[in-house]
There are 2 protein chains.
Amino acid sequence: MAVRGMRQKKKVEFLTEVELEFMTELWALGEGSVRDVLAQLAPERNLAYTSAATILRIMEQKNFVTSEKRGKTFVYKPMLAKDAYQSKTLRNLSDKLFDGTPATMVARLVNDQGMSEQALEEIRALLDRRLKDNDS
Amino acid sequence: MAVRGMRQKKKVEFLTEVELEFMTELWALGEGSVRDVLAQLAPERNLAYTSAATILRIMEQKNFVTSEKRGKTFVYKPMLAKDAYQSKTLRNLSDKLFDGTPATMVARLVNDQGMSEQALEEIRALLDRRLKDNDS
DNA sequence: TTGGACTTACGAAGGTCTTAGTATTTACTC
DNA sequence: GAGTAAATACTAAGACCTTCGTAAGTCCAA
């Protein structure tokens, strides 16, 4: 009997570069085996099967995904929704690089991110809705 | 004669955790010596002087700061303005975690970052200005 | 039930990051 | 010019990350 799923001392908060790459595919797929995820990566990525398996196993140890055995293979599923992780990441970035003021962040985005006029309009509409809700 | 400022193969784009911590102090100070930066850190940080010196020397190798010798000590200065680095970081985050659509990012920020009504109003004003400029 | 294809578990190499100790250099004073 | 306090340069340890090879386990078909 193999040992799987050992605990770890410190809670890991954020995905590493490669883990984010994998999680992105899992978010898109909903769930997937090592082979499924590997198939989603760009062809020029050229990652060995065992590397992908290792990455997913580590992600499970860090509680970023759960696995379920189907026949011979494990199927992995995100433990964290994409938008929740987006929020978490933005909060962290706001703290670390924007003095904890997310408004500065939005300002920076709106000012120099080369957003289309349509995108800007959408955001304004979003703000209008938000500000109306606050009134009630 | 010591060897300082050796080149490096690959261009480094982003600050590491500790480098960001140091760069934040340099941005606030404008410039500073090892001792200056160390003095700015939280007292409970307890970092050895030589560690701080090493970090700044590495940051110079990576072209994040320049140094100038004044008397016995080096004074370090950022090579990159804070807002430029903020923009760069946001662009990267948008690509990696938001499918390259910064509008989604703003939406996430506005929706769950707990911004005050005043902050939201300011952003809307900013957008209004941006959208008017585009018309002309 | 045994062979083969595929899967998982483990270990290790090579890299970067963070930290700090030791050794060397430097500027200034007497 | 020698001594001294402070700064810089170097080295290295320990942690984590990425990658992959090898070994061991597993399912199925003939």
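So you know, we letter chains A, B, ... as the sequences are listed, proteins then strands, and number each from 1.
Distances shorter than 4.0 Å separate none of the side-chain N or O atoms of S51(A) from OP1 or OP2 on dT19(D). Taking 4.0 angstrom as the limit, Y49(A) places none of its side-chain polar atoms (N or O) nearer than this to OP1 or OP2 of dC6(C).
Within 4.0 Å (heavy atoms only), R70(A) reaches no atom of the nucleic acid at all. When heavy atoms are screened at a 4.0 angstrom cut-off, A53(A) is found touching no nucleic acid atom at all.
When distances are taken from the side chain of T54(A) to each of dT18(D), dT19(D), dT8(D), the shortest belongs to dT19(D). Comparing atom distances between the K72(A) side chain and each of dA20(C), dT8(C), dA5(C) picks out dA5(C) as nearest. Considering only the side chain of V18(B), dT18(C) comes nearest among dA7(D), dT18(C), dT8(C). Closest to the side chain of T50(A), out of dT8(C), dT18(C), dA7(D), is dT8(C). When distances are taken from the side chain of V34(B) to each of dT7(C), dT8(D), dT18(D), the shortest belongs to dT8(D). Closest to the side chain of T16(B), out of dC17(C), dT8(C), dC17(D), is dC17(C). Comparing atom distances between the R35(B) side chain and each of dT18(D), dT8(C), dA7(D) picks out dA7(D) as nearest.
Projected onto DNA chain D by closest heavy-atom contact, F14(A) and A52(A) fall at different nucleotides, the more 5' of which corresponds to F14(A). Heavy-atom distances to DNA chain D give each of G71(A) and A48(A) a nearest nucleotide, and the one nearer the 5′ end belongs to A48(A).
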Are T101(A) and T104(A) close enough, and set up right, to give a side chain to side chain donor-acceptor pair (under 3.5 Å), and what steps lead you there? CA-CA 6 Å; T101(A) 63; T104(A) 310; 2.7 Å; yes
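We find the CG-CD distance between D36(B) and E31(B) to be 8.5 Å, quoted to the nearest 0.5 Å. Separation of atoms OG1 (T89(A)) and CZ (F98(B)) is listed at 6.5 Å; rounding is to 0.5 Å.
When rounded to the nearest whole Å, the span between CE of M23(B) and C1' of dT18(C) equals 18 Å. In this structure, the CZ atom of F64(B) is 13 Å from the C1' atom of dT16(C), given to the nearest Å. As a whole-Å value, the separation of I55(A) CD1 from dT18(D) P is 7 Å. Atom pair K69(A):NZ and dT7(C):P shows a separation of 11 Å (rounding to whole Å applied). In this structure, the CZ atom of F74(A) is 14 Å from the C1' atom of dC6(C), given to the nearest Å. A straight line from CZ of R57(B) to C1' of dA23(C) spans 13 Å, rounded to a whole angstrom. Per the geometry, CD belonging to Q61(A) stands 11 Å off C1' belonging to dC10(C), to the nearest Å. Atom-to-atom, CD of E19(B) to P of dT16(C) comes out at 13 Å; the value is rounded to the nearest Å.
The existence of a salt bridge linking E68(A) and R70(A) is confirmed by a sub-4.0 Å separation between a basic side-chain nitrogen and an acidic carboxylate oxygen. Using a cutoff of 4.0 Å between basic side-chain nitrogens and carboxylate oxygens, K62(B) and E19(B) are scored as salt-bridged.
Taking the side-chain contact (heavy atoms from CB on, under 4.5 Å) definition, one finds that K88(A) meets it with E13(A), F14(A), Y85(A), sequence neighbours left out.
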